[in-house]
Amino acid sequence: MAGKSKRNRDDRDASARRGGAEPVSGQVGGGTAELAPDRERPHAWTLLIDGAPQSHVDLDDPAHLDFAYQRRIGHLIDLIAPARQPLNVVHLGGGAFTLARYTAAARPRSTQQVVEIDGALVAFVRQHLPLDPQARIRVRAVDARAGLAKVPDGWADLVIADVFSGARTPAHLTSAEFLDDVRRALAPTGWYVANLADGPPLAHLRGQIATAASRFTELALAADPVVWRGKRFGNAVLVAADRELPVAEFTRRVASDPHPGRVEHGRALADFAGGAAPVADASAVASPQPPESVFR
C-alpha cells in the first residue's frame, strides 16, 4: 500500500491520450492490475492493484523513486554500506520490482531475491516492465514467509518487507516468529526494513515497533508528521538491526525529501510504542484496511 496517489484516474487517462501511451491492465491473483503511464516521465509507470497504487517504475531511470516511502527505503539502501558496494538483498513482496531495480542501479553486482506470491503479477510486470537482463535478480513466485525460509542462514545484508494482500499486510508477516526467521537469514551486521501502513489510533504500528524491539537491539522509524500524530492513514518505514544505525544521516535525508518526514529512535520511539505487546503468530492479525479516501 503506497499511500495516497498523487494523481487521480482521470488525470492518468488524459495524460496517456496526450502522450500516446495507454494504460495496460490484466487480471492477476490479487485482482485487476493496471499500469498507468506517468504524465511527467515518458517511460515511467504506476502499478495499481484494484485501484490501490503499489509501485512506480521509471525504465529510463530506475534510481528515481516516486513514492515517499520508497525514497525512505532507498535512503537506507544507500546508508547500509559504502556507496556502490554490492549487497545480498531479499525483497519480500515484489510489486513492480521498484526497489530491486533501484538496488541494481545504485549497487551494481548486488545479488537479489524477490519473493512475490502472485505469479500472474510477476508475469504481468515482466511482460510490460522487463527487468535488466544483466541485473542479478531472481524472482520466486511463492509466499513471502515460505520464500524467506529458503534463504540460507546469514546470507542477507538486507531484508526488505513490503508485502500487501490488497492493501493489508498479511497477519503471518507481522509476528515475532516471522522476525525470528528474518534474523536467521540476516548476516550479523544486516538490517531489516519494513513498509508498514496504519492509521488512527496506530495500534498496529505500535505493535510492530514492540515486536521488532523484542528481536532487534536498534530501531528507527520514519513517517510523515501527520501519521506520527495519528491524523491520517499512511506509511511508515521501520529499520531494525543489531548494530548502530546511522540515525542522524537518515533523519537528515528524510527531512530534506520533497515530502519531508520525521524519524524517531531510542527512548522516543519506545515511548511512542506506549507499552504495546509484541505480536505472536497465535494472535497476529492483518494490518488495518485503509479508508477509501487514501486512494482518491
Side-chain angles (χ1 to χ4, degrees), residues 1-8 11 38-41 44-48 52-58 60-84 87 89 91 93 95-107 158 160-162 164 167 191-199 202 205 208-209 212 218-241 245-266 268-269 272 290 294-296:
M1 201 285 298
K4 186 173 181 181
S5 176
K6 70 176 185 179
R7 59 188 73 87
N8 61 33
D11 288 340
D38 189 318
R39 63 183 176 181
E40 298 173 354
R41 305 177 76 92
W45 302 80
T46 298
L47 171 68
L48 303 99
Q54 302 289 326
S55 303
H56 180 277
V57 169
D58 188 333
D60 290 341
D61 181 12
H64 173 78
L65 298 176
D66 192 64
F67 293 160
Y69 90 86
Q70 291 184 327
R71 284 196 300 275
R72 290 163 190 169
I73 296 177
H75 296 325
L76 293 169
I77 293 169
D78 292 344
L79 291 171
I80 190 172
R84 300 185 70 80
L87 300 175
V89 184
H91 301 265
F97 315 137
T98 302
L99 292 168
R101 299 173 200 264
Y102 178 87
T103 303
R107 296 183 174 278
L158 183 62
I160 299 173
D162 186 12
F164 290 87
W191 293 2
Y192 170 64
V193 174
N195 175 31
L196 308 173
D198 198 10
L202 300 179
L205 187 57
Q208 289 303 286
I209 294 167
E218 299 292 331
L219 307 179
L221 187 84
D224 290 350
V226 290
V227 174
W228 277 113
R229 294 195 298 270
K231 300 294 186 182
R232 194 189 74 197
F233 197 100
N235 295 82
V237 171
L238 173 72
V239 55
L245 295 167
V247 173
E249 180 60 19
F250 183 44
T251 300
R252 186 191 68 78
R253 295 189 185 203
V254 169
S256 62
D257 269 347
H259 298 283
R262 194 175 93 223
V263 175
E264 294 288 4
H265 72 291
L269 188 57
F272 174 80
V294 168
F295 305 117
R296 292 175 187 162

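FYI, side chains are in, hydrogens and waters are out, and symmetry mates aren't considered; it's all heavy atoms of this structure.
In this structure, Leu245 and His265 have side chains that are not in contact, with every pair of non-hydrogen atoms separated by 4.5 Å or more. Looking at Ile77 and Val89, their side chains never come closer than 4.5 Å, going by heavy atoms from C-beta outward. Taking the side chain as every heavy atom from C-beta outward, Leu65 and Thr98 approach each other to under 4.5 Å. Side-chain atoms of Asp58 and Asp38, non-hydrogen and from C-beta on, never get closer than 4.5 Å to each other. Residues Tyr102 and Ile73 are not in side-chain contact: their nearest non-hydrogen atoms beyond the backbone lie 4.5 Å or more apart. Under the 4.5 Å side-chain criterion, counting only non-hydrogen atoms from C-beta, Asp257 is in contact with His75. Inter-residue side-chain proximity for Val237 and Val254 is flagged as unmet; no heavy-atom pair is nearer than 4.5 Å. Under the 4.5 Å side-chain criterion, counting only non-hydrogen atoms from C-beta, Arg253 is not in contact with Arg71.
Taking both residues in full, the closest heavy atoms of Ala236 and Leu221 are given as CB-CD1, 4.0 Å, listed atom of the first, atom of the second, then distance. Of all heavy-atom pairs spanning Pro260 and Ala255, the tightest one is CB-O, 3.3 Å. Considering all non-hydrogen atoms of both residues, Leu219 and Ala240 come closest at CD2-CB, 3.3 Å. Across all non-hydrogen atoms, the minimal contact from Tyr192 to Ala161 is OH-CB, 3.7 Å. Residues Ala96 and Ser55 approach most closely at N-OG, 3.3 Å, considering heavy atoms. Taking all atoms of both residues into account, the shortest heavy-atom contact from Pro53 to Phe67 is CB-CZ, 4.0 Å.
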### Message
I'd like to know whether Asp61 forms a side-chain contact (heavy atoms from CB on, under 4.5 Å) with Arg41, so could you lay out the CA-CA distance, the side-chain angles of the two residues, the decisive distance to 0.1 Å, and finally the verdict.
### Response
CA-CA 10 Å; Asp61 181 12; Arg41 305 177 76 92; 3.5 Å; yes
### Task
Starting from the C-alpha separation in whole Å, work towards a yes-or-no answer on side-chain contact (heavy atoms from CB on, under 4.5 Å) for Leu76 and Phe250.
CA-CA 7 Å; Leu76 293 169; Phe250 183 44; 3.7 Å; yes
### Task
Go through the steps to decide whether Trp191 and Leu79 satisfy the test side-chain contact (heavy atoms from CB on, under 4.5 Å), and finish with yes or no.
CA-CA 11 Å; Trp191 293 2; Leu79 291 171; 4.3 Å; yes
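Every residue meeting the side-chain hydrogen bond (donor to acceptor under 3.5 Å, both in side chains) condition with Arg262, not counting sequence neighbours, appears here in chain and number order: Glu264.
For the atom pair Gln208 CD and Leu238 CG, the distance stands at 8.0 Å (nearest 0.5 Å). Atom CZ of Arg107 is separated from atom CG of Leu87 by 4.5 Å, given to the nearest 0.5 angstrom. Put simply, NE2 on His259 and CZ on Arg72 are 9.0 Å apart, with the number rounded to the nearest 0.5 Å. In this structure, CD1 on Ile160 lies 4.0 Å from CG on Leu158, to the nearest 0.5 angstrom. Of the inter-residue distances, the one linking Gln70 atom CD with Leu99 atom CG reads 5.0 Å to the nearest 0.5 angstrom.
Using modelled atom types and a 3.5 Å distance limit, the side chains of Tyr69 and Asp224 yield no donor-acceptor pair.
Between the Asp198 side chain and the Leu205 main chain, a donor and an acceptor come within less than 3.5 Å of each other.
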